[in-house]
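Below is one structure, written out as structure tokens; comments come after it.
Naming: A, B, ... by sequence-line order, numbering from 1 per chain.
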Amino acid sequence: MTPESFIQNKAAEAIKAIYSTEVAETSLQVSVTRKEFEGDYTLVTFPLLKITRQAPDVTGNAIGEWLVSNVPEISAFNSVKGFLNLSFSPVYWNESLKAIAEAPDYGQLPSTGRRIMVEFSSPNTNKPLHLGHIRNNLLGDSVSRILKACGNDVVKSTIVNDRGVHICKSMYAWEKCFNGATPESTGKKGDHLVGDCYVAYAKMEKEHPEVIDDVHKMLVDWEKGDPHVRELWAMMNGWVYAGFDETYAALGITFDQVDHESETYLLGKELVQKGLAEGVFVKDPDGSVWCDLTADGLDRKLVLRGDGTSVYITQDLGTAERRFQNFKLDSHVYVVGNEQDYHFQVLKLILKKLGFDWADQIYHLSYGMVELPEGKMKSREGTVVDADDLIESMYLEAKKTSEESGKLADITAEEKDRLYHMIGLGALKYFIIKVDPKKTMLFNPKESIDFNGNTGPFIQYTHARICSILRKATVAFGPADIAPDAQPSAKEVRLVKLLDLYPVKVGEAGAALSPAVIANYAYELAKEFNQYYHDTPILKEENEAVMKYRLELISVMARTLRSAMGLLGIQLPERM
RNA sequence: GGUUCCGUAGCUCAGCUGGAUAGAGCAACAGCCUUCUAAGCUGUGGGUCACGCGUUCGAAUCGCGUCGGAAUCACCA
């Protein structure tokens with residue numbers, strides 16, 4: 001039970017005892033007391049005045065007195081205007097901390113029995129991953145972990161957009177002007193080589209617009225199964241996959257289910273027939289099929305072309321239905337940029353009209369673009385920030401900072417390498433994930449690589465500091481050292497309060513599909529620890545019982561930091 | 001034009017299911033390393049929470065409107 005709900009519960013009892021009125025516990029407003037005031041938690045009494053028919057401080061005093069005399073955990077109160085500040089006794093904090101210390105997997109919420117699919121990444125196979133994809137991947141990966149921590153069974157999925165005009169363009173350019181170049185012959189990562197082809201094609205088309213006809217012919221040949229085109233397609237996609245695998249591995253991202261559009265693009269046609277039969281869709285004289293959404297404030301939406309071929313939404317309808325069936329999903333989260341808000345609005349609405357009640361359980365995690373100081377990234381203008389380059393430059397920056405600090409003289413080159421990668425990646429991931437997903441964010445290559453302040457490395461460093469103390473401890477300690485009669489300092493109480501909050505934050509992050517909630521929480525926790533560390537001796541503490549209490553406290557801190565950052569896919573080193 | 005999202009310190013961002021004097025980091029300035037890792041800590045300065053009206057005991061937070069920015073409204077994916 002959180003302190004907030006504990007107070008809600010007890011305050012409701014108090015109100016019943018004093019005013020003979022039943023109030024819903026959840027309607028009582030409890031928050032952490034602002035630091036300018038005496039107390040730990042605050043009950044807002046303004047809303048209760050209608051019941052008590054008394055002045056705010058009279059009401060506060062009455063409830064406060066009842067709580068102090070009837071609830072052993074509450075030791076003192078003061079009432080300021082409509083705010084009743086309550087102080088908890090040390091026993092409460094000690095019990096609370098001990099419970100956290102003993103929890104086998106603190107932050108893991110009880111099972112909901114629900115299965116949720118999270119689709120993310122879903123790249124095109126005609127160019128390498130860039131900064132925008134990184135935001136998508138990190139959000140998807142992190143949301144998957146958070147939903148799991150919220151007690152759900154999570155299936156991470158991606159659908160590779162491996163067919164279509166875009167890949168044909170790369171294929172066309174490769175045949176025309178790359179002289180049989182391969183990743184092996186050029187020493188280039190496959191996805192980058194194919195990306196070069198795509199750029200080369202764009203140039204060709206600018207000079208000779210008619211080449212687009214050849215590309216379209218290529219696409220038709222692909223659909224017919226022309227052996228030559230299929231072979232070329234398979235070869236070039238193979239290069240891209242090998243390249244993507246490296247990038248995914250560097251980012252630490254994996255999937256449980258990988259779909260390919262070349263296998264799913266025909267799905268959804270039966271649904272169109274079903275929709276026609278049920279009158280959800282209408283057929284125009286030219287044979288094209290439409291869904292009229294004007295009554296819902298949207299437009300008429302095409303779901304099948306006159307020639308019987310699919311459009312984007314057709315296969316999305318079919319894929320969604322197949323997934324809900326095959327995986328017995330309760331819910332489906334799509335991590336896709338906000339330029340597709342309209343698409344998902346339409347998708348949900350059409351599925352609903354088709355009678356699928358799970359349509360309400362589809363969530364579009366719509367995230368904002370990543371912009372550069374010069375504005376939007378444009379591949380045509382060469383201003384995209386390449387994912388591999390970025391990961392590499394973060395690594396180098398971590399290496400530079402570490403070498404300057406000179407604290408790692410005695411570890412092997414291999415361990416150093418792993419550490420630099422951990423720090424560089426931690427900086428990158430945290431930088432992107434700490435921002436509210438739905439907001440457009442700015443990436444400044446010069447300034448964004450910072451390892452001080454509200455950054456991933458700051459939190460990693462804090463963890464390394466704790467580990468350093470734990471390594472040097474010469475006494476054994478454990479949850480039993482959180483004695484009921486321990487006297488935590490004000491700073492220690494603040495730490496316990498923050499630790500108490502962790503499961504609440506996990507729940508909030510899951511409900512809002514926002515890893516940023518966890519990132520900001522981890523930062524607060526690390527910052528609070530550093531202040532504590534600065535003016536509280538631990539190994540130098542002379543009273544052994546106090547020292548053990550502190551060791552156990554910081555050990556719980558380290559565990560919680562690891563768990564929280566783990567939800568963001570960020571690892572914490574034991575030294576740096 | 002319709003719809004959706006955004007607008008908080010010089011910059012990057014928290015806070016938004018209504019609560020007390022709106023918080024961090026960066027940048028600037030001033031301090032703290034013979035003492036558990038200075039990637040740290042402490043302090044100073046910095047605000048019309050875009051603007052207006054409304055609801056409320058109370059609004060950065062909710063509603064309406066205005067202004068500014070972005071996205072979208074394809075027989076592209």
Side-chain angles (χ1 to χ4, degrees), chain A residues 29 31 33-34 36-37 42 44-47 49-50 56 80-83 85 122 124 161 163-166 261 265 284 286-290 297-299 301-307 309-313 315-316 337-343 345-346 366 368-369 371 373 376 398 401-402 404-405 407-408 423 427 431 434-436 438-444 447-448 450-462 464-473 508 511-512 516-517 519-520 523-524 526-527 529-541 550-551 554 575-576:
Chain A
Q29 295 177 43
S31 54
T33 302
R34 301 196 64 139
E36 312 87 88
F37 297 92
T42 298
V44 185
T45 53
F46 280 115
L49 304 183
K50 272 178 252 148
V80 182
K81 292 190 282 183
F83 301 95
N85 302 317
S122 304
N124 288 352
N161 188 2
R163 55 138 239 135
V165 177
H166 55 276
E261 220 187 273
Y265 78 107
D284 273 10
D286 67 352
S288 60
V289 181
W290 298 76
L298 304 172
D299 299 299
K301 181 75 188 174
L302 179 82
V303 292
L304 202 65
R305 293 191 187 101
D307 63 7
T309 59
S310 303
V311 289
Y312 182 42
I313 200 154
Q315 63 158 316
D316 257 17
N338 63 10
E339 74 267 16
Q340 296 203 38
D341 285 354
Y342 181 77
H343 172 76
Q345 223 182 325
V346 170
S366 161
M369 300 289 104
E371 291 188 352
K376 283 192 67 175
T401 307
S402 286
E404 280 167 6
S405 82
K407 291 173 191 160
L408 302 167
I423 296 170
F431 178 83
K434 75 173 178 183
V435 181
D436 182 345
K438 65 173 179 283
K439 288 191 176 175
T440 301
M441 66 175 288
L442 183 87
F443 181 84
N444 185 333
E447 293 169 15
S448 298
D450 194 349
F451 292 175
N452 300 315
N454 187 358
T455 64
F458 168 84
I459 298 169
Q460 291 175 318
Y461 179 73
T462 305
R465 271 181 145 179
I466 298 176
C467 290
S468 173
I469 298 175
L470 297 178
R471 259 198 311 276
K472 289 176 181 160
E508 274 178 28
V517 171
N520 287 307
Y523 174 64
E524 240 181 290
K527 196 173 157 55
F529 169 80
N530 277 309
Q531 292 169 12
Y532 174 67
Y533 173 90
H534 185 257
D535 46 36
T536 310
I538 295 170
L539 294 174
K540 295 200 174 77
E541 170 59 40
R550 290 178 181 168
L551 282 168
I554 66 168
R575 45 181 308 180
M576 67 187 274

Exercise for the section: Taking atom C1' in both B:U37 and B:G23, compute the distance separating them and give it to the nearest angstrom. Expected result: 28 Å

Side-chain contact check for A:D450: nearest option of B:C26, B:C36, B:A14 is B:C26

Of B:A39, B:C36, B:U4, the nucleotide closest to the side chain of A:T401 is B:A39

Side-chain contact check for A:Q340: nearest option of B:A77, B:G25, B:G40 is B:A77

*Does A:D307 make a side-chain donor-acceptor contact with the base of B:C75, cut-off 3.5 Å?*
no

Between CZ of A:F443 and C1' of B:C26 the distance, given in whole Å, is 15 Å

Of A:D341 and A:I313, the one whose nearest nucleotide on RNA chain B sits closer to the 5' end is A:D341

- prompt: Do A:S405 and B:A38 share a donor-acceptor pair, side chain to base, under 3.5 Å?
  reply: no

Looking at A:R305, does any N or O in its side chain come under 4.0 Å of the phosphate oxygens OP1/OP2 on B:C76? yes

Interatomic distance at P, B:C5 relative to B:G43, whole Å:
40 Å

In whole angstroms, the gap separating P of B:G15 from NZ of A:K527 amounts to 17 Å

Separation of B:A77 atom P from A:N124 atom CG, nearest Å, is 11 Å

**Message:** Roughly how many Å apart are B:G63 and B:G31, using the C1' atom of each and rounding to a whole number?
**Reply:** 49 Å

### Message
For the P atoms, the ones on B:C67 and on B:C75, what distance do you get once it is rounded to whole angstrom?
### Response
31 Å

RNA chain B in dot-bracket form (Watson-Crick or G-U pairs under 3.5 Å, [ ] crossing, | inter-strand) is (((((((..((((.....[...)))).(((((.......))))).....(((((..]....))))))))))))....

Q) With distance as the sole criterion, is a donor-acceptor pair present between the side chains of A:D450 and A:T455 under 3.5 Å? A) no

The residue, A:S402 or A:M441, whose nearest nucleotide of RNA chain B is more 5′ is A:M441

Original post:
Is the shortest side-chain N/O distance from A:K472 to OP1 or OP2 of B:U37 below 4.0 Å?
Top reply: yes

Q. Closer than 4.0 Å, any side-chain N/O of A:N454 to the OP1 or OP2 of B:C13?
A. no

Requested in this report: For nucleotides B:G58 and B:A20, find the distance between their C1' atoms and express it as a whole number of Å.
Outcome: 10 Å

message = Rounding to an integer number of angstrom, what distance separates B:C57 and B:G52 when you compare their C1' atoms?
response = 23 Å

Q) When you check the phosphate oxygens OP1 and OP2 of B:A77, does a side-chain N or O of A:Y312 lie under 4.0 Å from one of them? A) no

Any chance the side chains of A:T42 and A:S31 put a donor and an acceptor closer than 3.5 Å?
no

Q. Less than 5.5 Å between centroids and less than 30° between ring planes, does A:F458 satisfy that with B:A39?
A. no

To the nearest angstrom, the CG-P distance between A:D299 and B:C73 comes to 10 Å

Here the distance between atom C1' of B:U37 and atom CZ of A:F529, to the nearest Å, is 10 Å

Atom pairs under 3.5 Å: protein N/O with N/O of nucleotides 6-10 of chain B:
residue	atom	partner	partner atom	Å
B:G7	OP1	A:K439	NZ	3.3

>> In terms of relative ring orientation, are A:F46 and A:F83 parallel, tilted or perpendicular, with 30° and 60° separating the classes?
In response: perpendicular

Quiz prompt | Distance below 4.0 Å between A:K407 side-chain N/O and B:A39 OP1 or OP2 | solution = yes

inquiry  = Check this one for me: any side-chain N or O of A:R471 less than 4.0 Å away from OP1 or OP2 of B:C36?
reply    = no

Taking B:C36, B:C13, B:A39 as options, the one with an atom nearest any side-chain atom of A:L442 is B:C13

Which of B:U37, B:G40, B:G19 is nearest the side chain of A:N452? It is B:G40

Rounded to whole Å, the CD1-C1' distance (A:I469 to B:G40) equals 12 Å

Handout entry: B:G23 phosphate, OP1 or OP2, under 4.0 Å from A:R34 side-chain N/O
Key = yes

With syn defined as a glycosidic angle within 90 degrees of 0 and anti as anything else, the base of B:C16 is anti

Of the listed B:U37, B:C75, B:C41, the closest approach to the A:Q531 side chain comes from B:C41

Taking B:C36, B:U37, B:G19 as options, the one with an atom nearest any side-chain atom of A:A464 is B:U37

Sort me out a list of protein N/O and nucleotides 32-35 of chain B N/O pairs below 3.5 Å, or just none if empty.
residue	atom	partner	partner atom	Å
B:U35	O2'	A:K540	NZ	2.3

**Message:** Ring centroids only, cut at 6.0 angstrom: are A:F443 and A:F431 within range, meaning strictly under it?
**Reply:** yes

Here the distance between atom P of B:G15 and atom NZ of A:K434, to the nearest Å, is 13 Å

In whole angstroms, the gap separating C1' of B:U3 from CG of A:L298 amounts to 8 Å

(request) Pick the C1' atom in B:A50 and in B:U8, then give their distance to the nearest Å. (result) 10 Å

